Asker: 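Pasting a structure here, questions to come.
Because the structure is predicted, anything quoted here is derived from the model rather than measured.
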Amino acid sequence: MCGIVGIVSTSNVNQSLYDALTVLQHRGQDAAGIVTFQDERFYLRKDNGLVRDVFRTRHMRRLVGNVGIGHVRYPTAGSSSSAEAQPFYVNSPYGITLAHNGNLTNADDLSRDLFRTDLRHINTNSDSEVLLNVFAHELQKLGKLNPTKDEIFAAVSAVHERCRGAYAAIAMITGYGIVGFRDPRGIRPACYGVRETEAGKEYMIASESVALNAAGFKLVRDIEPGEAVYIETDGTIYTQQCAREPHLIPCIFEHVYFARPDSILDKVSVYKARLRMGETLADKILRERPDHDIDVVMPIPDTSRTSAMQMAHRLGVKFREGFIKNRYIGRTFIMPGQKMRKKSVRQKLNPIDLEFKGKNVMLVDDSIVRGTTCEEIVQMARDAGARKVYFASAAPPVRYPNVYGIDMPAASELIAHDRTVEEIQKLIGADWLVYQDLEDLITCVNDVNPEIEAWECSVFDGNYITGDIDAAYLANLETQRGESNKAKKNPEMSSDNAIIDLHNDED
């Protein structure tokens, strides 16, 4: 999962891009990058690390220009090389940079075609570089020295014809502007907004509306599935549907876990959706155990807080913050490696013994993916004096790999894969485990926006909506993940370019 942002402004965009990326930091903590444009040159800074660590004052001063794009990343398929930090760059045609959120399911085939037919070389294992080269090649095929909006939209249409999977992307074309587009199913989110200034209108494209709000932009709307938004350097904006048969089928896991609660995705308030998740989960508890003995409901900070608060209200029991979170430890879901995740749990959370002693505690998390952290947290609650420890997941069991940009491709890593709820309950050590039903989860988000046709729920139901995923594909993903993890353990096996700047970078 990644965060993307692009701005066309009437003044330097470096600070606004930086601010937007810090707001989108929850979407990726592995790497960050910004590229700006001025006087026919790109200025690029990217590296592994958090936004605040990647960009120092000396870097920001060199990121000059009124147009730019930015990216925050966590590694898909276990990759953590800074050589794959974004944005990526190609010099032909015009000079194009691109930031991408998602995953191309036919990246290997595209990479071969780009080399054999399009005569383009891919330098990393990133499908984002593949997407950039497909877009660049399709634009180059048109053979125009000065591309118009029609040529740019035609290139995006060709991208939709060639690429499969999930992608929300922003590309910057030297001297012309930025173009943002979503895949024909709108699996990954993207929106755009406007900011009125004395010098004229300024525009931002971003993964989530909260990035717009933080920079003083007003949300205009979401980018439609298959649609492209092209903003010229002078602030002129064009939009066009570029897909033949677009259908809005967004990823439901965005609302469960990834998106910030103060964001609006496809006209759905993430906060409202999570409130509804807490209500429906409480209703399930009341159906299954009307005489429950829950004394207190506690969230596992932070994503589950909204659902837990509403659950407690619905059940008529106390809501308490039983765990204090260390803000300087990253999200354990994003951290590669089971041992690192397990070790970080007790560094990340500290229980308040007073809230646990002698009580029957219902712990609420947004989801249970690998189960490692749940087991540790349940034990922490017991060590703090809880009489009984119940556990609730605001999402259904995660039983299947994700192929659309979320870093959990191996089924063997998922605690719910081929296991019953009772078996999972035993593994995490809880006295009672309750999951949200998938039908209820879908209802929670659809109640906020009934216009959405369907939801991408593959991690829960194994239905891959692109129709190109089979057992061989999943087996290959698992193999790639294993090889990538081996490379991380042996640094000599991986290349790591610390800094890339297309002009005048002195670290």
Asker: State, to 0.1 Å, how close Met204 and Ala211 come at their nearest heavy-atom pair, and which atoms those are.
Answerer: SD-O, 3.8 Å
Asker: What's the separation between atom OH in Tyr257 and atom SG in Cys251, rounded to the nearest 0.5 Å?
Answerer: 13.0 Å
Asker: In terms of heavy-atom contacts, does NE2 of His292 have more than 12 from other residues, nucleotides or ligands at under 6.0 Å?
Answerer: yes
Asker: Can you list every pair that meets salt bridge (Lys or Arg N to Asp or Glu O under 4.0 Å) and has a residue in residues 383-398, with sequence neighbours left out?
Answerer: Asp293-Lys388, Asp295-Arg387, Arg346-Asp383
Asker: Quick one: does Glu456's side chain have a donor or acceptor within less than 3.5 Å of a partner on Ser458's backbone?
Answerer: yes
Asker: Is atom CZ of Arg287 surrounded by more than 12 heavy atoms (other residues, nucleotides or ligands) closer than 6.0 Å?
Answerer: yes
Asker: Any side-chain to backbone donor/acceptor pair from Asp447 onto Pro450? Under 3.5 Å, distance only.
Answerer: no
Asker: Just how far is it from atom CD1 of Ile368 to atom CD1 of Ile415, taken to the nearest 0.5 Å?
Answerer: 7.0 Å
Asker: First locate atom CG of Asn446, then atom SG of Cys444, and finally report the distance between them rounded to the nearest 0.5 Å.
Answerer: 10.0 Å
Asker: So, Thr306 side chain and Leu275 main chain: donor-acceptor pair closer than 3.5 Å or not?
Answerer: no
Asker: Identify the two heavy atoms, one from Leu281 and one from Ala392, that lie closest to each other, and give their separation to 0.1 Å.
Answerer: CD2-CB, 3.9 Å
Asker: Would you check if the distance from the ring center of Phe323 to the ring center of Phe356 is below 6.0 Å?
Answerer: yes
Asker: Under a 3.5 Å cutoff, is there a donor and acceptor pairing between the side chains of Glu375 and Thr373?
Answerer: no
Asker: Drop me the distance from Ile442's CD1 to Thr280's OG1, to the nearest 0.5 angstrom.
Answerer: 11.5 Å
Asker: Does CD in Glu288 sit with more than 12 non-hydrogen atoms of other residues, nucleotides or ligands closer than 6.0 Å?
Answerer: yes
Asker: For a side-chain contact (heavy atoms from CB on, under 4.5 Å) with Phe319, tell me which candidate from Gln310, Arg305, Met298 qualifies.
Answerer: Arg305
Asker: Looking at Ala243, is its backbone amide N or carbonyl O close enough to the side chain of Gln241 to form a donor-acceptor pair, meaning the two atoms are under 3.5 Å apart?
Answerer: yes
Asker: Give me each pair satisfying salt bridge (Lys or Arg N to Asp or Glu O under 4.0 Å) with a member in residues 253-274, each pair once, sequence neighbours excluded.
Answerer: Arg27-Glu254, Arg182-Asp266, Arg188-Glu254, Arg260-Asp262, Lys267-Glu451
Asker: Does the Asn106 side chain pair with the main chain of Arg162, one donor and one acceptor, at a distance under 3.5 Å?
Answerer: yes
Asker: Who are the salt bridge (charged side-chain N to carboxylate O under 4.0 Å, His left out) partners of Asp431, not counting sequence neighbours?
Answerer: Arg382
Asker: Apply side-chain contact (heavy atoms from CB on, under 4.5 Å) to Phe253 and Val459, showing your working.
Answerer: CA-CA 8 Å; Phe253 209 68; Val459 297; 4.2 Å; yes
Asker: So, does Ser111 use its side chain to make a donor-acceptor pair with the main chain of Ala107 at under 3.5 Å?
Answerer: no
Asker: Any chance you could measure Cys374, atom SG, to Gln425, atom CD, to the nearest 0.5 Å?
Answerer: 12.5 Å
Asker: Check for a donor-acceptor pair, side chain of Ser209 on one end and backbone N or O of Ser263 on the other, with a separation under 3.5 Å.
Answerer: no
Asker: With sequence neighbours excluded, what pairs up with Arg112 under the salt bridge (charged side-chain N to carboxylate O under 4.0 Å, His left out) test?
Answerer: Asp109
Asker: Spell out, as yes or no, whether a donor-acceptor pair under 3.5 Å connects the side chain of Asp183 to the backbone of Gly186.
Answerer: yes
Asker: Can you list the steps and then say if Tyr167 with His160 is a ring pair (Phe, Tyr, Trp, His ring centres under 6.0 Å)?
Answerer: CA-CA 10 Å; Tyr167 50 93; His160 292 330; 5.8 Å; yes
Asker: If you take all heavy atoms of Gly405 and Tyr74, which pair is closest and at what distance?
Answerer: O-OH, 3.8 Å
Asker: Quick one: do the Glu84 and Ser126 side chains pair a donor with an acceptor below 3.5 Å?
Answerer: no
Asker: Let me know which of Arg314, Arg276, Arg289 forms a salt bridge (Lys or Arg N to Asp or Glu O under 4.0 Å) with Asp283.
Answerer: Arg314
Asker: Going from CD1 on Ile252 to CG on Leu441, what distance comes out if it is rounded to the nearest 0.5 angstrom?
Answerer: 3.5 Å
Asker: To check you understand the geometry: which heavy-atom pair defines the closest contact between Ala273 and Val448, and what is its length?
Answerer: N-CG2, 4.2 Å
Asker: For Tyr473 and Tyr464: C-alpha separation, side-chain torsions, deciding distance, then whether side-chain contact (heavy atoms from CB on, under 4.5 Å) applies.
Answerer: CA-CA 12 Å; Tyr473 183 95; Tyr464 298 99; over 6 Å; no
Asker: Where the side chain of Asn101 meets the backbone of Cys2, is there a donor-acceptor pair that is under 3.5 Å apart?
Answerer: yes
Asker: So Leu131 and Leu110, side-chain contact (heavy atoms from CB on, under 4.5 Å) or not? Walk me through it.
Answerer: CA-CA 9 Å; Leu131 179 63; Leu110 286 171; over 6 Å; no
Asker: Between Glu423 and Lys426, does any side-chain N to carboxylate O distance fall below 4.0 Å?
Answerer: no
Asker: Has Gln25 got a side-chain atom pairing as donor or acceptor with Val72's backbone, closer than 3.5 angstrom?
Answerer: no
Asker: Verify whether the ring centers belonging to Trp455 and His255 lie closer than 6.0 Å.
Answerer: yes
Asker: Using 4.0 Å as the upper bound for N to carboxylate O, is an ion pair formed by Asp437 and Lys284?
Answerer: yes
Asker: Would Cys457 and Asn463 satisfy side-chain contact (heavy atoms from CB on, under 4.5 Å), going step by step from the backbone distance to the final call?
Answerer: CA-CA 7 Å; Cys457 303; Asn463 177 28; over 6 Å; no
Asker: Can you name the residues that form a side chain to side chain donor-acceptor pair (under 3.5 Å) with Asp113, not counting sequence neighbours?
Answerer: none
Asker: Sequence neighbours left out, what passes salt bridge (charged side-chain N to carboxylate O under 4.0 Å, His left out) with Glu227? Give chain and number order.
Answerer: Arg221
Asker: Does one side chain, of Gln436 or Ser393, offer a donor that lies under 3.5 Å from an acceptor on the other?
Answerer: no
